[in-house]
Visitor: 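First the structure, then my questions, so here it is.
Nothing here was measured: the structure is a model prediction, and the numbers come from that model.
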Amino acid sequence: VRRQAPLVHNITNFVAMDLAANVLLAAGASPAMVQAIEEVEEFVAKAAALTVNIGTLSADRAEAMRAGAAAAARHGKPWVFDPVGVGGTRFRRDLADRLRALRPTVIRGNASEIMTLSRDAAARASGVDSAHASDEAIGAARALAADTGAVVAVTGAVDYVTDGRDVIAVGGGDPMMTRVTALGCALTCLIGACCAVNAAPLSATVAGLAIMGAAGSIAAAGAAGPGGLRAGLIDALYNLDERQLGDRSDIRDHATPVTSNTPASSMP
């Protein structure tokens with residue numbers, strides 16, 4: 001990401017824009033928060049990747065999201081879908097169904113969001129916080145990946161990533177990360193940057209999760225509270241090196257126990 005500085009187009013929610021843009025800049029990518037229906041298709045053609053986040057919706061933004069995702073598919077650009085609060089309203093569920101039909105490269109959400117998107121009857125969350133642990137959604141994630149062709153990431157105390165066959169568990173991070181709004185949304189944008197420079201979506205997604213978890217762990221160690229963690233995370237991403245990433249990451253086959261993290265719910 002630092003070498004290529006990919007241009008990442010983010011149709012994300014209003015709460016997340018500032019943090020997401022700063023996370024991408026700190027990681028070495030170039031963020032663009034182009035939202036208007038009149039320009040999203042043109043801009044997608046210029047970008048290296050697209051991310052779509054349904055956290056703060058309106059009819060116009062929904063149309064822009066569909067147009068952007070369709071343009072990404074036409075131009076062969078990777079795009080990452082974040083179904084924030086998808087269980088909350090019919091409007092969100094209907095839009096999410098239309099977006100998943102446009103074949104996202106990666107879908108990232110918390111357990112309840114992934115279970116809802118996969119039409120798992122056990123999903124019951126109506127807001128942005130998950131009512132389920134991430135490991136409860138592994139089956140739903142595999143089914144969703146098989147159905148859509150996307151790599152699916154379930155984030156929680158331990159993150160799980162699957163292409164419908166393999167399942168990889170990613171540990172790290174810090175529980176304080178759940179006290180900072182928009183970290184999950186920023187993570188989705190970071191995964192978009194990784195997909196822009198890595199043509200293998202599974203490994204790109206694992207990399208994005210590991211990078212955010214490592215930076216969060218470093219930031220939490222020096223933070224007095226969530227406000228300090230937020231600022232420290234941006235600094236940690238900027239200064240993160242290969243040694244720190246290796247020391248702070250725990251990436252394994254999901255059958256092997258991992259160190260718990262708590263990064264990124266899909267809280268906007």
Side-chain angles (χ1 to χ4, degrees), residues 12-16 20 51-57 62 65 80-101 104-148 150-164 167-191 205-206 208-209 212-213 216 254 258 260-268:
T12 192
N13 71 71
F14 298 129
V15 179
T51 73
V52 174
N53 175 310
I54 65 172
T56 51
L57 277 182
M65 291 171 187
V80 184
F81 176 34
D82 190 336
V84 174
V86 64
T89 64
R90 182 180 298 276
F91 182 35
R92 288 175 186 274
R93 291 191 295 274
D94 289 347
L95 175 60
D97 283 343
R98 292 186 177 98
L99 289 170
R100 63 175 266 171
T105 308
V106 178
I107 300 171
R108 188 215 67 84
N110 66 34
S112 292
E113 290 162 349
I114 295 304
M115 292 167 74
T116 297
L117 200 60
S118 69
R119 302 183 179 91
D120 189 319
R124 63 180 184 275
S126 59
V128 297
D129 296 319
S130 184
H132 300 271
S134 55
D135 59 354
E136 295 180 69
I138 292 173
R142 294 182 76 164
L144 183 61
D147 184 45
T148 62
V151 165
V152 177
V154 187
T155 52
V158 174
D159 303 329
Y160 295 95
V161 187
T162 182
D163 57 4
V167 180
I168 299 171
V170 183
D174 188 273
M176 198 191 306
M177 295 173 77
T178 61
R179 300 297 184 178
V180 181
T181 192
L183 276 188
C185 305
L187 170 61
T188 295
C189 298
L190 181 61
I191 291 171
T205 303
V206 169
L209 293 169
M212 182 66 91
H254 87 283
V258 299
S260 176
N261 66 4
T262 324
S265 72
S266 57
M267 193 177 297

Visitor: Would a distance-only check, ignoring hydrogens and angles, find a side-chain to backbone donor-acceptor pair under 3.5 Å from Arg93 to Gly87?
Guide: yes
Visitor: Considering non-hydrogen atoms only, spot the tightest contact between Pro104 and Ala150 and give its length.
Guide: O-CB, 3.2 Å
Visitor: Any carboxylate oxygen within less than 4.0 angstrom of a Lys/Arg side-chain nitrogen, looking at Arg108 and Asp159?
Guide: no
Visitor: Main chain of Ala143, side chain of Ser118: is a donor-acceptor contact present, judged purely on distance under 3.5 Å?
Guide: no
Visitor: For the atom pair CG (Leu190) and CG (Leu183), what is the distance rounded to the nearest 0.5 Å?
Guide: 11.0 Å
Visitor: Whether the side chain of Arg92 engages the backbone of Gly55 through a donor-acceptor N/O pair (distance < 3.5 Å, no angle test) should be reported.
Guide: yes
Visitor: Between Val86 and Ala96, what is the shortest heavy-atom contact and its length?
Guide: CG2-CB, 3.5 Å
Visitor: List the atom of Ala133, the atom of Ala111, and the distance in Å for their closest heavy-atom pair.
Guide: O-CB, 3.3 Å
Visitor: Quick one: CE on Met115 to CG on Leu144, what's the gap to the nearest 0.5 Å?
Guide: 12.0 Å
Visitor: Can you find a heavy atom in the side chain of Leu209 that is under 4.5 Å from one in the side chain of Thr155?
Guide: yes
Visitor: Is any side-chain heavy atom of Leu57 closer than 4.5 Å to a side-chain heavy atom of Thr89?
Guide: no
Visitor: Measuring from Met212:CE to Thr188:OG1, what's the distance to the nearest 0.5 Å?
Guide: 8.5 Å
Visitor: Could you check Thr148, Val80, Val154 and say which one makes a side chain to side chain contact (heavy atoms under 4.5 Å, CB included) with Ile107?
Guide: Thr148
Visitor: How long is the span from the CZ atom in Phe81 to the CG atom in Asn53, to the nearest 0.5 Å?
Guide: 9.0 Å
Visitor: Under the criterion side chain to side chain contact (heavy atoms under 4.5 Å, CB included), I'd like the reasoning laid out for Ile54 against Leu99: C-alpha separation, chi angles, the key distance, then a yes or no.
Guide: CA-CA 10 Å; Ile54 65 172; Leu99 289 170; 3.9 Å; yes
Visitor: Can you tell me how far apart CE (Met65) and CZ (Arg98) are? Round to the nearest 0.5 Å.
Guide: 13.5 Å
Visitor: Which heavy atom of Thr56 sits nearest to which heavy atom of Phe14, and what is that distance?
Guide: OG1-N, 3.0 Å
Visitor: If I take atom SG from residue Cys189 and atom CG from residue Asp82, how far apart are they, to the nearest 0.5 angstrom?
Guide: 8.0 Å
Visitor: Over all heavy atoms of both residues, which pair between Asn13 and Cys185 is shortest? Give the atoms and the distance, please.
Guide: ND2-SG, 3.3 Å
